[in-house]
Amino acid sequence: MQLSRTSLATVLAYAFALCSGGVPAEASHLTWLKSHLHRAGKTLLPGFESLSKPVDPFRVDTGNGTSVGSGELFAAARATGAGVLGALVAIVVVTLAVLWILQRRKARRSKGKGPAMATLAEYSGESAEFVPLRRRDGDSESVAPLVESDDVELEDIVDVENHLDFIVPQSDDPTTPAFTIRAVALGTLWCVLLSFSNAVLSFRSVPFIIDGLVAAILSYPMGMAWANWLPRHRILNPGPFTVKEHVLIYVMSATATVPYGIDNVVTQVHPSLMGNTNITFIQSLSFVLVTQFLGYGFAGLTRRFLVKPTAMWWPSLLPTIGLFSSFHKTDSAKAATTGGSTFKISRYAFFWVAFLCMFVYEWIPQFFAPVLQAVSVGCLIAGSGSGGKGILSGFNAIAGSAQTGVGLLGLTFDWTSIGAIYLVQPFWANLANGFGTLMFLWVAVPLLVSTDMWGLNSILRNDGDANPIFNSQQLFIGNPASPDLGKAVSPLFFYNKSDNYNLNETAYNLAAPIHISTMFALEYASAFLTVTAAMSHLALWYGKDIARQVSNAMRQMKDEVDSLDKHNRMMDEYADIPDWAYLAFMAVVTFAAVLVSLLTPFNMPWWAIFFNLCLVGLFVIPYGVIYAITGTQLFLNVLSEFVIGLMIPGQTVAVNCFKSWGTNNLAQALSLSADLKLGLYLHIPPIAMVSAQFLGTFINALVGTCAAYFVMFNSGDLLGKTGWTYNGYQTFYNAGAIWGAIGPSRFFGIGALYQNLLWCFLIGAAAPLLPWLANKYIQKSKTWHYVSFPIIFAFGGVGGPQVLLVMPFLTGLFSQVYLYYRRRDFFEKYLYVMASAFDAAGGIVNVIVSLMTVAGVSFTAWHALNPSPDLPQDYYCYPEMSYRSDTPK
């Protein structure tokens, strides 16, 4: 049996009609669509038909008159994991065979040809225009021998410049005003507005932030008006509004996120949480300030490793650079300005076209059709099953649903869920991360569930819910003697409020051993794998470069490779901040941190401050290199909780404080490193960049803390109302029970239920050896460098809709493969501009919709893509359920 072209075309046409807003009011139309997709599923994957029916006689009572078959569930999990793994193996084998054939053909064609040569002058960028590396006969000054060496950093240089030089300005005027009164005034204004708004909105049930790109767009007309309307003055209005001023305004605005230390403040001060109202505002502000500033010293001390090397190209910065190049017309690259270009529209005009298109489109998934934010395609293919109303089939519970399960083939049509990073991220990094996520999510989770690894997989559920849940960060009761076996339990149950919120051992023993979902366990496994894989990967592939740079730093010499970079050469015009200044700054903030830890209720042993610095210092370069090369950011939150929880078990406040130090110190270090790289690309004096960052951070800490206190104590009865349940802070509070009160030794220690996950530390350290040895002893190829296990092991997002695998992959495939190789003119001139416009438009729509929600404005015309709010978003996964809560299917 084959799926007819007519049937497929009809289904696609109907799906397009749904997405275009032509949504029928009758539920029967959605049923019709699902029946066609179900028929397609049976044709392509015959196993789906049996997986949608209850087939096993052994069933587990859920306590409300319904039951779920564990045998059915395990069979569905086994079929899902094995099926995906088999398909993946087949794809990999075919792909490798094709690549091998292509490689052999390429080798035969290039046999006897010499390597392409390039002059040092061309590499270092003597010309203001970008000139691609090319061969020159008889040229004695060539970087080709360097590029063909074992130095991975040098191997990356050509690829990096192919992705940069058409968007990054290729010349600089050192006399251009930068850190002016105009820039400081506008930057301060936007920093205050965004700091207050983001801190207040962080108390929302679904918190969100207003991104600095919004300020960058809206500050542009303000800067132009200041320059054109006010009298010319050497200090107050020095001339035209420059790109350097605009960047500094953005840098200040971008610091206006919610400071990580605010989580500790709200957790300890809020009357509904720990309720220590004796903590003063000054004590809270002191803690927030030191947690915000301490990491900046690491950024300055590691800039020769993370900022100056050409190979550290920070792809996450490219949409931002695209925005500034559009607004200020810095099209200096040859590829983007030649008269033979296919596309004539300017980048500035294209930005607004792309912005308008995305602005209009984003209203569909964010307001009119929220089902498109997370589409459980597996459910549409397999059908809703034949169980009772609201009872998921085994397949939909574990695989089909993107809300409760792994979201097999899940899709999202909401750009804010995807993001510009997948447009600009190197495709090899996208592929590596996607492969790792697929192995964790669609293979490992189902197979582990099918073997009932760690037990109780079929009965872990929320109280009163008939369906097992796998996509969850909750804790579950594992005591066989408890009548609530398998039910979720709040971490607050384990707090001893009379003992500074440390562990209540009596309560713990009633529920122990505590279980977590298999997916959540694998998220911790991912964190353990990533920690050691990052260290090992860095040592193997970049050890020589780091050793060379350290040697040059000790001798106070410029690095011989970094000094060739054209942007580094242009930055020689500006005074740099010396290492001793960063060291002195770090010493002062460290002293302040010790005082805060000893003299305020945000207490932690004094030695923990220095241990925290050592931990961050150990990982800032490995995690920074990964972020700078791939655009994937790794965090220290799990490791910091794990380590300190073992060292001082049961001390909730101290563990929470150490977590904030570790996580935020690394995040702030990499934030300043990224801004220093942005300044290098756009040729902004380092002193101006650091000054803007420091000023914005101080304003953000002050205003954010004020806003948090205002909401906690002066907002009336706002908190606790619908939409204002401060879930983000509740999560931090709950995590304190897991890692502080209960402690990691009870989860992962010797003899604990999840002790086997400790092997992940060893596996993570050993895994990067495989591609490194293959490159050394099997065949020397750049491809081995792309097998980056720190990226492969990076898996997260448990608890949210599992739809961030297919669409991010397709986005990267379109931009970094199709556009890069087939539509190069468009790629070079518009891609990063489009990425910036899409993110800005999506962010602004998100802000507007969120403010409308706060004001009680919602779209109440219920239809197939906008179900009643008391129903799950993937209601179509459930038997006998319609998009209306009062209408049978």
Side-chain angles (χ1 to χ4, degrees), residues 54-81 387 391-401 403-406 440-441 443-494 507-526 734 737-738 742-749 751-758 798-799 802:
V55 296
D56 194 86
F58 175 68
R59 310 185 75 79
V60 178
D61 182 28
T62 61
N64 63 349
T66 59
S67 58
V68 177
S70 61
E72 170 201 351
L73 180 70
F74 294 153
R78 188 179 308 111
T80 300
I391 306 299
L392 290 168
S393 67
F395 174 79
N396 285 350
I398 179 62
S401 173
Q403 306 289 344
T404 67
V406 302
F440 275 110
L441 195 61
V443 176
V445 171
L447 291 181
L448 290 175
V449 168
S450 72
T451 62
D452 202 21
M453 177 66 71
W454 301 304
L456 306 185
N457 281 279
S458 64
I459 63 172
L460 299 181
R461 65 197 186 280
N462 293 317
D463 190 16
D465 193 346
N467 297 296
I469 186 169
F470 304 94
N471 181 21
S472 172
Q473 294 185 344
Q474 293 174 294
L475 303 183
F476 300 91
I477 296 173
N479 188 343
S482 172
D484 296 323
L485 177 67
K487 289 185 179 179
V489 58
S490 170
L492 313 183
F493 178 71
F494 305 105
Y508 174 79
N509 291 331
L510 290 175
I514 302 300
H515 283 250
I516 57 179
S517 70
T518 298
M519 196 184 300
F520 197 24
L522 287 182
E523 186 173 53
Y524 283 125
S526 164
N734 295 346
I738 299 173
I742 299 175
S745 61
R746 290 184 171 88
F747 283 102
F748 308 107
L753 185 60
Y754 300 95
Q755 65 172 347
N756 289 338
L757 293 182
L758 295 179
V798 175
Q802 299 302 320

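Note: hydrogens, waters and symmetry copies are ignored here, and every other heavy atom, side chains too, is used.
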(message) Are Thr404 and Leu392 packed together at the side-chain level, in the sense that at least one heavy-atom pair is separated by less than 4.5 angstrom?
(response) yes
(message) To the nearest 0.5 Å, what is the distance between CD1 on Ile398 and CG on Asn457?
(response) 7.5 Å
(request) Would you check if Ser472 and Leu460 make a side-chain contact, meaning some heavy-atom pair closer than 4.5 Å? (result) no
(message) Holding to side-chain contact (heavy atoms from CB on, under 4.5 Å), I want the full list of residues that pass it with Gln755, two or more places apart in sequence or in another chain.
(response) Ile750
(request) Measure the shortest side-chain to side-chain distance between Leu753 and His515 over non-hydrogen atoms and say whether it is less than 4.5 angstrom. (result) yes
(message) Just to verify, what does Asp484 make a salt bridge (charged side-chain N to carboxylate O under 4.0 Å, His left out) with, not counting sequence neighbours?
(response) Lys487
(message) Counting C-beta onward and ignoring hydrogens, is there a side-chain heavy-atom pair between Val406 and Gln802 closer than 4.5 Å?
(response) no
(request) Working to the nearest 0.5 Å, report the span between CG of Asn467 and OG of Ser393. (result) 9.5 Å
(request) Go through Val798 and Gln473 one step at a time and tell me if the side chain to side chain contact (heavy atoms under 4.5 Å, CB included) criterion holds. (result) CA-CA 7 Å; Val798 175; Gln473 294 185 344; 4.0 Å; yes
(message) My understanding is that only residues two or more places apart in sequence, or in another chain, count here; which of them pass side-chain contact (heavy atoms from CB on, under 4.5 Å) with Ile514?
(response) Leu475, Phe494, Tyr508, Ala511, Phe747
(message) Rounded at 0.5 Å granularity, tell me how far CG in Leu448 sits from CZ in Arg78.
(response) 12.5 Å
(message) Test side chain to side chain contact (heavy atoms under 4.5 Å, CB included) on Trp454 and Leu757; report intermediate values, then the result.
(response) CA-CA 11 Å; Trp454 301 304; Leu757 293 182; 3.9 Å; yes
(request) Look up atom CD1 in Ile516 and atom CG in Leu522, then write down how far apart they are to the nearest 0.5 Å. (result) 9.0 Å
(message) So Gln474 and Asn462, do their side chains get closer than 4.5 Å, heavy atoms only?
(response) yes
(message) So, taking the atom named CG in Asn734 and the one named CG in Leu492, what distance separates them when rounded to the nearest 0.5 Å?
(response) 5.0 Å
(request) Supply the atom-to-atom distance Leu447 CG to Thr518 OG1, rounded to the nearest 0.5 angstrom. (result) 11.0 Å
(message) Using every non-hydrogen atom in the two residues, find where Gly799 and Asn471 come nearest and quote the distance to one decimal.
(response) N-OD1, 2.7 Å
(request) Check step by step if side chain to side chain contact (heavy atoms under 4.5 Å, CB included) holds for Val449 and Phe470. (result) CA-CA 9 Å; Val449 168; Phe470 304 94; 3.9 Å; yes
(request) Kindly give the heavy-atom pair with the smallest separation between Leu73 and Gly394, and that separation in Å. (result) CD1-O, 3.6 Å
(request) Would you please test Ile477 and Phe493 for side chain to side chain contact (heavy atoms under 4.5 Å, CB included) and show each step? (result) CA-CA 11 Å; Ile477 296 173; Phe493 178 71; over 6 Å; no
